[in-house]
Amino acid sequence: TLDEDGNYSIPLYVTVCTPYDACTTLAEIVTSNPAEDNTAAANELLDEASSMDDTDAMNAYDAVMSVAGDDLDVQNSILDGLATIELSADVLSAQQRAALLASMV
């Protein structure tokens, strides 16, 4: 759900049962708060992406686009990062890269 301050929250329920049918459930509310400065948050994630493996870096670039995708400097930084990622025969990686590039157009 989205509250009036722009924060998202979702309840997570975990139920653990033993082979003897003894069960317990834990409910936890997870909240995601928007960044106060989207560009600063994007730049921090871009810095972290430079030391990630290719898959994690692609996920980081997706997250950066969702936070500050309208910023041309951020887009250029993502393009620079994409240039360093090894080309892979992995179809999912290729689709993810294509979707990321398409979101910049």
Side-chain angles (χ1 to χ4, degrees):
T1 58
L2 178 65
D3 68 15
E4 64 275 355
D5 296 325
N7 301 320
Y8 290 92
S9 63
I10 185 170
L12 298 179
Y13 300 92
V14 177
T15 301
V16 177
C17 297
T18 69
Y20 306 103
D21 291 328
C23 298
T24 185
T25 300
L26 172 69
E28 188 75 31
I29 302 292
V30 177
T31 304
S32 174
N33 304 319
E36 290 181 23
D37 181 352
N38 287 345
T39 302
N43 286 329
E44 182 178 331
L45 194 50
L46 284 169
D47 288 343
E48 292 174 9
S50 66
S51 62
M52 295 176 180
D53 66 31
D54 293 350
T55 302
D56 289 340
M58 285 298 296
N59 291 330
Y61 295 144
D62 281 337
V64 168
M65 282 300 294
S66 71
V67 171
D70 294 339
D71 186 319
L72 291 178
D73 290 333
V74 168
Q75 288 183 9
N76 286 327
S77 294
I78 290 173
L79 291 173
D80 291 343
L82 287 174
T84 67
I85 291 179
E86 291 288 323
L87 292 177
S88 168
D90 180 9
V91 173
L92 181 60
S93 175
Q95 289 173 336
Q96 188 177 19
R97 189 183 319 235
L100 184 62
L101 292 171
S103 68
M104 293 183 189
V105 177

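All figures in this text were calculated on a predicted structure; none of them were measured in a lab. The analysis underlying the following values was restricted to heavy atoms, covering all of them including side chains, and did not include hydrogens, waters or symmetry mates.
- The OG1 atom of Thr84 sits 7.5 Å away from atom CG of Asp54, with the distance rounded to the nearest 0.5 Å.
- Summarising the geometry, atom CD belonging to Glu28 is positioned 12.5 Å from atom CD1 belonging to Ile10; distances are rounded to the nearest 0.5 Å.
- Atom CG of residue Leu46 and atom CD of residue Glu48 lie 9.5 Å apart, to the nearest 0.5 angstrom.
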Name each donor-acceptor pair under 3.5 Å that joins a side chain in residues 60-70 to protein atoms two or more places apart or in another chain, with its distance.
residue: Asp62; atom: OD2; partner: Gln96; partner atom: NE2; Å: 2.6
residue: Ser66; atom: OG; partner: Ala63; partner atom: O; Å: 2.7

**Message:** Please determine whether side-chain hydrogen bond (donor to acceptor under 3.5 Å, both in side chains) holds for the pair Ser9 and Thr31, giving the CA-CA distance in whole Å, both sets of side-chain angles, and the decisive distance to 0.1 Å.
**Reply:** CA-CA 4 Å; Ser9 63; Thr31 304; 5.0 Å; no
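- Annotation: the span from Asn43 atom CG to Asn38 atom CG amounts to 11.0 Å, rounded to 0.5 Å.
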